[in-house]
Amino acid sequence: MAITTRPRGTNDILPAKIGIWHKIEDTIRRICHQFGYEEIRTPIFEHTELFERGIGEATDIVEKEMYTFTDRGQRSITLRPEGTAPVVRAFLENKLYGGTLPAKVYYVGPMFRYERPQAGRYRQFNQFGIEALGGADPALDVEMILIPIEVYKAVGLKDFEVQINSIGCPSCRTAYREALKDSLRENIHKFCPSCQSRFDKNPLRILDCKVKECIELTKDVPVLVDYLCTDCSEHFSKVKEYLDALNINYSLNNRLVRGFDYYTRTVFEIISVGLGSQNAVGGGGRYDGLIEEVGGQPHPAVGFAAGLERLVLALENQNMEVADQRTPDCYIAQFGGQTKTEAVKLAYELRQAGLWAEFDYMEKSLRAQMKAADKFGAKFVIVIGEEEIASNQVKVRSMVTGQEELVSLGDIKEYLIGHGGEKDGSMEANS
RNA sequence: GUGGGUAUAGCUCAGUUGGUUAGCGCGCCAGGUUGUGGCCCUGGAGGUCGCCGGUUCGAGUCCGGUUACUCACCCCA
């Protein structure tokens with residue numbers, strides 16, 4: 001394997017493309033804070049058993065998609081495939097249940113799943129997630145939908161839609177599962193092969209099948225919502241009531257089921273049209289049983305996660321370019337004798353003042369330095385030659401107007417700031 | 001894990017029925033201007049034609065394999 005080739009399913013995010021990531025990350029932090037969610041950072045890897053227990057032994061993730069290895073202490077370690085189980089672990093380990101509940105947290109970071117890459121799916125990908133642990137209020141379910149909507153709107157995502165469903169609690173879901181199987185049993189041989197294997201393993205997923213014939217065959221099948229117990233039904237009604245009161249557009253999708261075992265009651269997905277086959281930019285739901293499953297006292301909780309690569313893809317499909325608009329405040333051109341030393345000194349001085357100053361590292365001719373300054377989009381070029389050093393006056397050329405002025409070396413900082421230089425002052429603050 | 005498509009310079013691509021020194025455009029570097037950018041002109045650098053094997057006098061071109069990328073399935077963000 002060529003060492004200059006990155007591992008399959010991974011990506012380099014190059015400087016030319018980093019702008020959109022910064023915009024997304026900044027937006028996430030701002031909006032989460034407005035909703036009172038604070039950042040939590042958990043390890044990139046955890047004990048394998050956390051995911052086996054949390055996500056479910058029979059799920060695809062645990063069966064075939066985890067990056068698992070044995071460390072030098074013979075422990076089985078897994079690169080996190082999702083963010084909820086680690087947050088639940090941190091909630092228990094750090095006894096956050098002893099603080100104010102619900103604990104409202106968000107995270108941004110890489111996840112790992114061993115899958116065949118395709119559009120919008122990678123082996124290392126970034127997720128933004130939010131979790132509210134220790135709260136059963138339907139208003140929390142609604143916040144899980146509100147926050148991503150606000151984030152998507154703020155970064156400029158168009159054409160996305162929210163779908164919601166309730167899959168009930170273990171007791172009402174069990175009743176439904178049996179009713180569903182009863183209605184399918186007679187015709188199960190007509191379904192696609194994967195649906196036939198789902199029949200025993202996870203019959204609810206049959207509702208989610210994309211094969212035309214299967215969709216047709218499940219047209220008149222019982223609907224999960226009709227089987228919800230009183231508590232689950234009331235909870236779902238409240239969620240819808242709040243969404244309606246907030247004028248949030250959503251559609252009820254009674255075929256929406258999600259892949260992890262831990263979901264209960266509310267589940268939802270946010271779909272971006274025009275994303276290709278992997279069109280869910282985000283999804284989540286309530287997981288009232290997970291905290292107990294992982295070994296804590298029972299606490300209801302609800303969460304959401306969004307794939308950032310998919311969000312970037314969707315924004316790119318809208319032809320949104322987020323380039324870094326900043327350009328250097330000046331380019332210092334120099335030639336001959338001691339002028340390079342003067343350029344190095346002046347650049348440092350201007351940079352300490354919070355300005356962006358560039359100069360040549362490649363021993364270019366003056367002409368080539370001018371070309372470089374132009375390519376950078378520098379606002380001014382400062383020309384330092386032997387004459388300028390002798391007279392202590394340098395030429396400052398506006399790259400917009402082409403006008404040149406003589407400015408004494410000591411006044412350049414003020415000149416640039418007075419002519420639109422962007423002081424960010426970060427280095428000044430230290431002195 | 002299964003199936004389709006693709007692979008030629010930093011980038012986008014062309015390359016005829018197999019034919020001798022593999023090209024265009026953009027980008028990069030230099031010069032035209034020994035102290036001045038954009039436009040223009042001239043020149044230059046840069047290729048194991050993904051990799052391995054086969055057919056052939058001869059393969060970027062045909063065949064087989066392989067790897068990577070890509071799209072889709074399963075599943076998920």
Side-chain angles (χ1 to χ4, degrees), chain A residues 1-2 4-11 14 16 55-56 58-66 80-84 108-129 148 192-195 197-198 201-202 205 208-211 257-260 263 269-272 275-284 303-314 331 333-337 339 362-388 394-404:
Chain A
M1 192 69 57
T4 54
T5 306
R6 62 180 186 267
R8 184 154 210 217
T10 61
N11 284 112
L14 301 176
I55 302 170
T59 57
D60 271 31
I61 287 191
V62 171
E63 275 183 356
K64 54 182 197 187
E65 294 174 4
M66 294 205 301
R80 62 181 186 191
E82 59 99 49
T84 299
V108 181
M111 306 294 164
F112 305 84
R113 291 181 202 168
Y114 189 90
E115 298 182 89
R116 283 280 284 264
Q118 72 187 73
R121 181 163 56 205
Y122 309 98
R123 290 185 172 180
Q124 176 176 338
F125 59 101
N126 288 280
Q127 275 190 346
F128 140 58
C192 72
S194 58
C195 276
S197 74
R198 284 170 180 144
K201 226 172 80 180
N202 192 350
R205 289 222 66 90
D208 213 22
C209 187
K210 288 170 190 155
V211 178
V257 214
R258 294 181 53 79
F260 300 163
Y263 283 115
E269 273 181 15
I270 302 180
I271 310 289
S272 169
L275 241 196
S277 184
Q278 311 304 321
N279 63 356
V281 284
F304 165 86
L308 298 189
E309 280 78 2
R310 286 184 188 178
L311 179 54
V312 169
L313 262 182
Y331 185 100
Q334 116 294 138
F335 50 96
T339 60
M362 303 300 285
E363 300 186 42
K364 286 185 198 305
S365 66
L366 178 60
R367 175 179 144 98
Q369 291 180 67
M370 292 301 296
K371 284 189 180 188
D374 187 51
K375 209 153 291 166
F376 269 118
K379 299 173 188 79
F380 292 94
V381 169
I382 298 168
V383 182
I384 306 181
E386 298 287 4
E387 290 170 24
E388 283 79 0
V394 296
K395 278 185 190 156
V396 179
R397 178 187 180 90
S398 163
M399 293 299 275
V400 179
T401 65
Q403 303 266 313
E404 288 188 0

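All chains are named by letter (A, B, ...) in the order of the sequence lines, taking the proteins before the strands, and each is independently numbered beginning at 1.
- Ranked by how close their nearest RNA chain B nucleotide is to the 5' end, A372(A) and R310(A) are led by A372(A).
- Ion pair K371(A)/D374(A) not flagged as a salt bridge, since none of the NZ, NE, NH1 or NH2 atoms sits closer than 4.0 Å to an Asp/Glu carboxylate oxygen.
- By the 5.5 angstrom centroid cut-off and the 30-degree plane limit, F335(A) is classified as not stacked against the base of rG35(B).
- As rounded to the nearest Å, rG65(B) and rG47(B) have P atoms that lie 31 Å from one another.
- Proximity note for E115(A) (side chain, C-beta onward) versus rC75(B), rU36(B), rU70(B): the nearest is rC75(B).
- When the C1' atom is compared between rG60(B) and rC51(B), the two are found 14 Å apart, to the nearest whole Å.
- When the side-chain nitrogen and oxygen atoms of S365(A) are compared with OP1 and OP2 of rA30(B), none of them lie within a distance under 4.0 Å.
- The shortest distance between side-chain heavy atoms of F304(A) and I270(A) falls below 4.5 Å.
- Here the side chains of V383(A) and F335(A) are in contact, with some heavy-atom distance below 4.5 Å.
- Counting to the nearest Å, the P atom of rC75(B) and the CD1 atom of I55(A) are 16 Å from each other.
- Distance, Y331(A) OH to rG35(B) P: 16 Å, rounded to whole Å.
- Considering only side-chain N and O atoms, K364(A) lies under 4.0 angstrom from the phosphate OP1 or OP2 of rC29(B).
- Here the closest heavy-atom approach between residue L366(A) and residue A333(A) is recorded as CD1-CB, 3.7 Å.
- For rG35(B), the OP1/OP2 oxygens have no side-chain nitrogen or oxygen of R367(A) closer than 4.0 Å.
- Per the geometry, CG belonging to N279(A) stands 15 Å off C1' belonging to rC71(B), to the nearest Å.
- On the P atoms, rG46(B) is 36 Å away from rU56(B), given to the nearest whole Å.
- Contact of R113(A) with rA77(B) (side chain to base): a donor-acceptor pair of N or O atoms is detected under 3.5 Å.
- Looking at P110(A) and R80(A), their side chains come closer than 4.5 Å, going by heavy atoms from C-beta outward.
- Atom C1' of rA59(B) sits at a distance of 27 Å from the matching atom of rU70(B), rounded to the whole Å.
- As rounded to whole Å, 14 Å separates atom C1' of rU34(B) from atom CD of E387(A).
- A sub-4.0 Å separation between OP1 or OP2 of rA72(B) and a side-chain N or O of Q118(A) is present.
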Report the C-alpha separation of Y331(A) and M399(A) in whole Å, then their side-chain angles, then the decisive distance to 0.1 Å, and conclude whether the side chain to side chain contact (heavy atoms under 4.5 Å, CB included) test is met. CA-CA 10 Å; Y331(A) 185 100; M399(A) 293 299 275; over 6 Å; no

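- In the model, Q124(A) has no side-chain atom that pairs as donor or acceptor with a side-chain atom of N11(A) under 3.5 Å.
- Within the 4.0 angstrom heavy-atom criterion, no nucleotide atom of any strand lies near E309(A).
- Residue contacts shown for Q334(A) are absent, as no nucleic acid heavy atom lies under 4.0 Å away.
- The strand RNA chain B forms stems, runs of 3 or more Watson-Crick or G-U wobble pairs with distances below 3.5 Å, at B:1-7 with B:67-73, B:28-32 with B:40-44, B:50-54 with B:62-66.
- Put simply, the side chain of R310(A) does not reach to within 4.5 Å of the side chain of S272(A), judged on heavy atoms.
- Here the closest non-hydrogen pair linking R397(A) and E404(A) is NH1-OE2, 3.0 Å.
- Within the 4.0 angstrom heavy-atom criterion, base atoms lie near Y122(A).
- The phosphate of rA30(B) has neither OP1 nor OP2 within less than 4.0 Å of any side-chain N or O from K371(A).
- Annotation: rG32(B) and rC49(B) have their C1' atoms spaced 35 Å apart (nearest Å).
- Annotation: rA9(B) and rA14(B) have their C1' atoms spaced 13 Å apart (nearest Å).
- Using a 4.0 Å heavy-atom cutoff across all strands shown, K64(A) reaches at least one base atom of the nucleic acid.
- Set against rG37(B), rA77(B), rC28(B), the side chain of K375(A) has rC28(B) as its closest nucleotide.
- Contact between D208(A) and V257(A) at its shortest, heavy atoms only, is OD2-O, 4.0 Å.
- Remark on RNA chain B: of its neighbouring residues L308(A) and N11(A), the 5'-side contact belongs to N11(A), judged by nearest-heavy-atom nucleotide.
- Note on Q369(A): every side-chain N or O is 4.0 Å or more away from OP1 and OP2 of rU36(B).
- Remark: the K395(A) side chain and the rU36(B) base include a donor-acceptor N/O pair separated by less than 3.5 Å.
- When the C1' atom is used for both rG58(B) and rC13(B), the distance is 27 Å, rounded to whole Å.
- The distance between atom CD of E82(A) and atom P of rA77(B), rounded to the nearest whole Å, is 8 Å.
- Residue Q127(A) has its side chain nearest to rA77(B) when only rA77(B), rG37(B), rG3(B) are considered.
- Here R258(A) does not reach the OP1 or OP2 of rC75(B): none of its side-chain N or O atoms lies under 4.0 Å away.
- In this structure, R205(A) reaches the sugar-phosphate backbone alone: every heavy-atom distance under 4.0 Å involves primed, P, OP1 or OP2 atoms, never a base.
- Among the atoms of the strands shown, only primed sugar atoms or phosphate atoms (P, OP1, OP2) are found under 4.0 Å from some heavy atom of A119(A).
- Look at OH on Y263(A): it is 14 Å from C1' on rC75(B), rounded to the nearest Å.
- A distance of about 43 Å separates the P atoms of rU33(B) and rU16(B), rounded to the whole Å.
- Summarising the geometry, the separation between CD on Q124(A) and C1' on rA77(B) is reported as 14 Å, rounded to the nearest angstrom.
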Before giving the answer on side chain to side chain contact (heavy atoms under 4.5 Å, CB included), spell out for K64(A) and E115(A) the whole-Å C-alpha distance, their side-chain angles and the decisive distance to 0.1 Å. CA-CA 8 Å; K64(A) 54 182 197 187; E115(A) 298 182 89; over 6 Å; no

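- Atom CD of E65(A) is separated from atom C1' of rA77(B) by 12 Å (rounded to the nearest Å).
- At a threshold of 4.0 angstrom between heavy atoms, the contacts of V383(A) include nucleobase atoms, whether or not backbone atoms are also involved.
- Among the atoms of the strands shown, base atoms are found under 4.0 Å from some heavy atom of G120(A).
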